[in-house]
Amino acid sequence: MNPDISRERENASFNPEILTNILDGGAEKTRRRREIESLVIGDPDFQHEDLNFLSRSERYDAAVRKSAQMILKLREYGISDPEEIYSYKSIVKGVYQEPFGVHFVMFIPTLNSQCTAEQHKKWIPLAESFRMLGTYAQTELGHGTHIRGLETTATYDPSTQEFVLNSPTISSIKWWPGGLGKTSNHAIVLAQLYTQGKCHGLHAFITPIRCMKTHMPLPGVVVGDIGPKFGFDEVDNGYLKLENVRIPRENMLMKYAKVEPDGTYVKPPSDKLTYGTMVFIRSMIVGESARALSKSCTIAIRYSAVRHQSELRPGEPEPQILDYQAQQYKLFPLLATAYAFHFVGQYMSKTYHRISGYINQGDFSELPELHALSAGLKAFTTWVANAGIELCRMSCGGHGYSRCSSLPDIYVTFTPTCTYEGENTVMMLQTARYLVKSYKQARAGQQLTGTVSYLNEPQSRIQPLSV
Amino acid sequence: SSQPTVVNINDLASLVEAYKFRASKLVEMASKNLQAELQHSKSNEDAWNNNSIDLVRASDAHCHYVFFKTYSDKIMCVKHGDTAVHSVLSTLALLYALHGVALNSGDFLQAGLFTVPQLAQISQRLKGLLSELRPNAVALVDAFDYRDEMLNSALGRYDGNVYEHMFEWAKRSPLNHTEVHESHHKYLKPLQSKL
């Protein structure tokens with residue numbers, strides 16, 4: 001043990017174990033998390049060469065192998081609680097991503113939340129047994145966050161009771177979904193629904209893209225990897241061009257909106273329900289921001305305790321760089337932010353589950369609040385965390401630039417959160433729309449609830465403190 | 001009817017109020033600007049676009065308030081537990097709040113929540129909080145409880161033996177698999193022979 005870091009621990013005024021228990025939600029949860037982590041760390045099947053020394057193809061190969069092992073082990077150990085699955089997966093992944101990520105976090109949750117009972121019975125066992133490997137194909141080459149502008153079409157043909165899927169323009173080619181390029185054999189495709197000559201907006205369709213036996217692309221499907229990115233080297237983000245691909249009527253996710261066999265369209269109770277999966281991911285990103293920032297702070301602060309540099313007073317030995325006020329000013333506000341993010345991440349996750357519980361029971365009254373809150377907090381946390389990770393890297397001097405610091409990997413893996421599931425400025429403007437609407441309601445004397453309830457309060461109740 | 005509340009820069013509840021007031025002011029300002037723009041017979045869409053900077057700022061202030069309030073509420077819950085832990089979490093939360101005020105001082109000044117001399121006071125208090133946190137910094141990151149295998153960082157190792165592990169890691173670089181890289185024979189030798 002390095003003597004500097006030992007001394008730091010001896011001088012602390014509190015027991016970190018108590019704080020760990022608070023962060024985990026109790027001592028028992030800490031114990032179980034550690035137990036799960038040990039299952040991975042002690043497992044020779046998860047040992048491999050440092051990914052930094054491998055080519056992209058080798059990294060993808062290693063990641064697929066690890067993901068496959070992970071699924072088998074989860075079954076073998078009987079880990080089924082979502083929080084425990086998350087713990088197990090996060091230790092397997094480390095600071096990297098996995099090609100099955102979208103299958104877990106978007107494909108299965110979308111099936112769970114948007115399938116009818118019949119569809120659920122058919123698709124979920126296939127998805128959970130990984131015979132169906134899925135992704136979520138929303139973003140197109142020419143269209144991102146503004147999803148009403150998506151161009152992919154699904155035209156209903158009542159004579160065969162099928163939807164005909166098309167990518168009518170070059171800008172409509174699906175672009176970016178994780179696992180789409182090489183891994184997946186199915187995609188939930190978001191497309192503009194046309195029936196009886198009318199467009200009914202964006203709907204979700206389960207679309208087979210590769211043969212489940214040979215894994216070859218199906219007729220009319222042009223699919224592949226989009227090439228290297230800023231990070232995410234282990235993931236085959238893909239493109240998908242659909243040329244008159246026919247799928248049965250039952251492949252439209254019909255829990256809310258429906259198309260009858262004769263082509264009659266039945267509206268959903270809220271248009272926002274189509275974006276439910278995105279709202280779920282945005283809610284979870286708040287916790288991800290906490291993890292990325294707390295990992296970066298851990299690295300930068302431990303290193304700052306070990307690193308000695310220059311001199312504070314002439315003739316004295318080089319001090320720990322953590323003793324420099326400027327270094328503290330870089331790192332400690334980020335440390336405080338990481339803690340804030342952790343607690344708010346838990347709050348956001350609870351809020352999502354509470355409100356989505358109401359939605360499942362048919363109560364949509366809090367959906368606008370959830371929509372606005374998840375969009376705003378996602379944007380707020382990812383902007384701050386992204387800049388914070390980079391500041392942690394620069395707090396480590398030249399060594400922060402080495403991949404062995406892990407900070408470059410944390411940064412490139414985290415950066416896309418600022419754009420995926422909604423570009424941040426657009427997210428902030430969505431929140432603003434809700435705030436302006438709420439402000440008008442408050443001025444009109446309506447009583448607001450939730451996080452905007454303060455807009456009902458008089459503004460003259462606070463004044464500056466005299467110096 | 002209630003008396004005005006004074007912002008106390010050492011009190012979390014008072015600072016939560018200040019963040020709330022700032023958010024409220026910025027939402028009001030953005031909404032009024034939007035309304036004024038509409039009165040100049042602009043379309044809704046143009047008015048929205050012409051105020052998008054104010055609107056993003058209002059959203060940011062709202063999120064900042066929700067964040068700080070949630071953080072502060074959580075610390076109140078810890079209050080009845082371990083005193084030392086509660087104390088260090090409170091110091092962190094105060095640092096978070098005052099750092100936010102310093103970074104967004106324009107908003108707080110504009111809202112009349114602080115004066116310029118008070119901002120200097122906040123700056124001094126921030127420096128004091130940095131010193132208070134210094135002895136607990138390593139323990140605070142230890143509490144996140146990331147094992148070395150999860151961080152995968154030579155710099156962030158729990159044992160602090162940074163340089164030893166950096167050197168070991170570098171030795172595993174594929175460029176070190178041979179003492180002399182093949183490019184030397186393929187390109188540099190022919191070049192040297194030609195010059």
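Predicted model only: the values in this text are computed from it and were never measured. So you know, we letter chains A, B, ... as the sequences are listed, proteins then strands, and number each from 1. Atoms considered below: every heavy atom in the structure, side chains included; atoms not considered: hydrogens, waters and symmetry mates.
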Engineer: Who among B:Leu175, B:Leu133, B:Val56 has the most heavy-atom pairs with chain A under 4.5 Å?
Structural biologist: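 So the answer, after comparing B:Leu175, B:Leu133, B:Val56, is B:Val56.
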Engineer: Tell me, for A:Phe53 versus chain B, whether the close heavy atoms (under 4.5 Å) come from the side chain, the backbone, both or neither.
Structural biologist: both
Engineer: Using non-hydrogen atoms and a 4.5 Å limit, figure out which bit of A:Arg307 sits close to chain B: side chain, backbone, both or neither.
Structural biologist: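 The answer is both parts of A:Arg307.
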Engineer: Would you mind telling me which of B:Tyr163, B:Phe144, B:Tyr96 has the largest number of heavy-atom pairs within less than 4.5 Å of chain A?
Structural biologist: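 It is B:Phe144.
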Engineer: Could you tell me which non-hydrogen atom of A:Thr298 sits nearest to which non-hydrogen atom of B:Tyr146, and how far apart they are?
Structural biologist: OG1-CD1, 3.9 Å
Engineer: Heavy-atom distances under 4.5 Å only: say whether A:Val286 touches chain B with side chain, backbone, both or neither.
Structural biologist: side chain
Engineer: Under 4.5 Å from any heavy atom of chain B, what part of A:Leu373 do you find: side chain, backbone, both or neither?
Structural biologist: side chain
Engineer: Considering only heavy atoms, which portion of A:Ile41 lies under 4.5 Å from any heavy atom of chain B: side chain, backbone, both, or neither?
Structural biologist: side chain
Engineer: For the residue pair A:Phe343 and B:Tyr71, does the interplanar ring angle fall in the parallel (under 30°), tilted (30 to 60°) or perpendicular (over 60°) class?
Structural biologist: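 Because their plane-to-plane angle lies in the 30° to 60° range, the rings of A:Phe343 and B:Tyr71 count as tilted.
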Engineer: Measure distances from A:Ser38 to the heavy atoms of chain B and classify the residue's part below 4.5 Å as side chain, backbone, both or neither.
Structural biologist: both
Engineer: Report which part of A:Gln320 has an atom under 4.5 Å of a heavy atom belonging to chain B: side chain, backbone, both, or neither.
Structural biologist: side chain
Engineer: Is the backbone of B:Leu140 close enough, under 3.5 Å, to the side chain of A:Tyr339 for a donor and an acceptor to pair up by distance?
Structural biologist: yes
Engineer: Got A:Lys440 and B:Gln35 here, is their nearest side-chain heavy-atom distance under 4.5 Å?
Structural biologist: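 Yes, side chains in contact.
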Engineer: Under 4.5 Å heavy-atom distance to chain B, tell me which part of A:Tyr434 shows up: side chain, backbone, both or neither.
Structural biologist: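 Neither part.
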Engineer: Non-hydrogen atoms of chain B under 4.5 Å away: do they reach the side chain of A:Asp409, the backbone, both or neither?
Structural biologist: neither
Engineer: Given heavy-atom pairs under 4.5 angstrom as the criterion, report whether the side chain, backbone, both or neither of A:Ser438 touches chain B.
Structural biologist: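 Neither part.
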Engineer: Identify which part of A:Leu377 has an atom lying under 4.5 Å from any heavy atom of chain B, answering side chain, backbone, both or neither.
Structural biologist: both
Engineer: Is a side-chain N or O of B:Ser59 found less than 3.5 angstrom from the main chain of A:Leu429, in a donor-acceptor match?
Structural biologist: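 Here the side-chain-to-backbone pair does not exist.
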Engineer: Give, as side chain, backbone, both or neither, the part of A:Asp323 having an atom under 4.5 angstrom from any heavy atom of chain B.
Structural biologist: both
Engineer: Under 30°, 30 to 60°, or over 60°: which ring-plane class applies to B:His99 and A:Tyr329, parallel, tilted or perpendicular?
Structural biologist: perpendicular
Engineer: As an exercise: rank B:Val162, B:Asn161, B:Leu151 by heavy-atom pairs under 4.5 Å with chain A and give me the winner.
Structural biologist: B:Leu151
